[in-house]
Amino acid sequence: MEQRRRLVTAIPGPRSQELMARKKAAVAFGVGTTMPVFAAGAGGGVVVDVDGNHLIDLGSGIAVTSVGASDPRVVAAVTEQVRAFTHTCFMVTPYEGYVAVAEALNRLTPGTHDKRTALFNSGAEAVENAVKIARLATGRPAVAVFDHAYHGRTNLTMAMTAKSMPYKHGFGPFAPEVYRAPLSYPYRDGGLSGADAAARAIDQLDKQVGAANLAALVIEPIQGEGGFITPAPGFLAALADWCRKHGVVFIADEVQTGFARTGAWFASEHENVVPDLIVTAKGIAGGLPLSAVTGRAEIMDAAHTGGLGGTYGGNPLACAAALAAIETIEQDGLIARAGRIGELLTARLSALRDGDPRIGDIRGRGAMIAVELVEPDSGRPDAALAKAVAAAAHRRGVIVLTCGTYGNVLRFLPPLTISDDLLHDALDVLGEALAG
Ligand SMILES: Cc1ncc(COP(=O)(O)O)c(C=O)c1O
């Protein structure tokens with residue numbers, strides 16, 4: 001697939017417009033799309049649409065295709081597996097791929113303690129299961145989450161997610177026993193240190209919930225949908241210490257940050273934090289649906305036989321893809337590549353910020369970088385600007401996503417297989433979009 005941006009029609013082209021009309025007539029209105037174009041192919045750092053336009057991919061299908069959307073090793077592994085068998089259900093007739101993925105996750109996740117893994121389909125499903133396990137292991141009901149958190153769209157994870165519109169609006173009532181604590185948000189909390197921000201959160205949880213009632217504290221080491229908010233150094237470690245002291249299960253939701261995305265296998269590593277349980281999905285399987293909960297054997301094994309599972313959890317095709325994706329990350333040095341992508345993005349975005357006070361903050365790690373756009377005088381979030389810049393980039397053939405509680409954050413999550421040339425071209429487009 002040609003690795004360059006090339007537009008042969010206006011965006012959207014005629015074929016995409018036809019398909020969008022069919023989508024409108026056939027697909028539920030609640031299922032939105034970022035881009036007005038339909039995909040025909042994808043790979044490296046490019047998505048090709050049905051009109052033949054080559055778009056630069058700065059989204060990876062929301063942080064999924066870290067190894068690219070058509071990595072040959074993933075394709076070969078899935079092809080071989082699909083020929084052998086598509087499904088038996090691991091709970092009926094188990095197969096080696098599931099066990100091999102569990103072994104890989106036990107090896108790769110932080111900490112050298114004895115671990116176990118259970119596989120599921122989506123990030124939300126894995127988050128729910130992590131909470132189920134923590135509740136059973138502790139015999140406690142409550143779950144602590146944070147401001148701006150995103151954990152999914154199922155009933156429990158909607159309760160855990162912070163933002164109402166669009167994720168929760170009108171979909172309640174929500175699951176009980178979920179309590180929200182203040183986050184460390186260096187750009188907007190006056191530069192509170194990690195230790196002070198953690199003390200503030202702990203104080204609130206102590207007073208309003210009580211550690212003795214808490215089964216788990218669930219946190220994204222870098223928030224995804226909430227705006228790529230990167231807590232001040234020490235925040236995560238102080239929370240993990242408090243959890244350890246009080247028998248609260250510390251759960252890292254690494255659904256978006258995991259699998260090399262931030263320039264480490266897992267973002268917890270940047271802060272030397274060893275979670276009790278770690279939840280993974282997205283980048284785990286080169287684009288196939290798979291998720292996991294991995295953690296301390298004594299916590300994971302608290303659940304009775306038959307208590308965990310699901311028809312498709314750890315589907316053989318997804319497991320084959322995961323093993324190939326993990327091998328690709330290791331063989332191709334994609335962790336280091338994520339770090340270099342982060343340096344390039346940060347340098348180019350910093351140059352843009354020098355002449356543009358509307359870029360309030362640049363944050364994130366590795367290939368998970370964002371800019372927060374603000375009204376320069378007040379510092380208020382400027383969601384309209386983020387929307388306009390993203391739309392202008394889309395028209396010029398760059399797939400870029402927005403996020404943030406206030407919708408004013410542009411986030412960059414390219415496949416780790418993207419070339420520097422494509423990144424520079426995309427950043428040129430972004431500069432033009434901001435100037436326009
Ligand atoms: C941190 C985090 N947790 C959970 C989820 C939910 O994952 P899924 O959409 O696979 O259910 C997401 C998805 O964006 C996420 O970013």
Side-chain angles (χ1 to χ4, degrees), residues 30-34 59-66 109 118-132 134 143-163 166-168 171 174-175 178 180 183 216-231 236 250-262 266-268 273 275 277-294 310 312-315 318 321-322 325 363-370 401-405 407 409 411-413:
V31 184
T33 70
T34 301
S60 302
I62 321 188
V64 170
T65 51
S66 301
T109 50
L119 300 181
F120 304 96
N121 301 289
S122 69
E125 191 188 357
V127 170
E128 290 234 4
N129 276 280
V131 171
K132 279 164 62 174
V143 180
V145 293
F146 285 82
D147 286 337
H148 310 286
Y150 182 88
H151 297 292
R153 297 170 182 266
T154 56
N155 188 263
L156 175 59
T157 58
M158 275 194 295
M160 297 169 69
T161 289
K163 189 174 175 177
Y167 309 123
K168 304 165 72 165
F171 294 140
F174 303 113
V178 175
R180 198 167 303 285
L183 186 72
L217 180 149
V218 186
I219 189 161
E220 299 155 86
I222 299 173
Q223 283 193 330
E225 307 304 301
F228 283 24
I229 302 166
T230 313
L236 293 170
F250 182 91
I251 302 176
D253 178 347
E254 294 236 21
V255 166
Q256 192 150 159
T257 50
F259 287 94
R261 173 58 49 192
T262 68
F266 299 97
S268 300
V273 166
L277 302 183
I278 181 162
V279 181
T280 52
K282 288 189 183 281
I284 189 173
L288 272 81
L290 185 70
S291 64
V293 183
T294 300
Y312 291 114
N315 169 269
R363 58 178 178 251
R365 287 188 200 271
M368 183 171 179
I369 300 288
L401 309 175
T402 59
C403 65
T405 299
V409 177
R411 57 171 154 171
F412 309 106
L413 289 162

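Note that ligands are numbered from 1 as they come in the structure, with each ligand's atoms numbered from 1 the same way.
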task: With sequence neighbours left out, write down each residue that passes salt bridge (Lys or Arg N to Asp or Glu O under 4.0 Å) with Glu220, or none if nothing qualifies.
output: none
- prompt: So, Tyr312 versus Phe120, ring centres under 6.0 angstrom or not?
  reply: no
message: Determine whether Gln256 and Glu225 satisfy the following criterion, side-chain hydrogen bond (donor to acceptor under 3.5 Å, both in side chains), listing intermediate values before the conclusion.
response: CA-CA 9 Å; Gln256 192 150 159; Glu225 307 304 301; 3.0 Å; yes
message: I'd like the residue list for ligand 1, meaning every protein residue with a non-hydrogen atom under 4.0 Å from the ligand.
response: Ser122, Gly123, Ala124, Tyr150, His151, Gly152, Glu220, Glu225, Asp253, Val255, Gln256, Lys282
task: State, yes or no, whether a side-chain contact exists between Tyr167 and Arg153 at a heavy-atom distance under 4.5 Å.
output: yes
task: Test His151 against every option in Thr161, Thr157, Asp253 by the side chain to side chain donor-acceptor pair (under 3.5 Å) rule and name the one that passes.
output: Asp253
- prompt: Does some side-chain heavy atom of Lys282 sit less than 4.5 Å from a side-chain heavy atom of Ile62?
  reply: yes
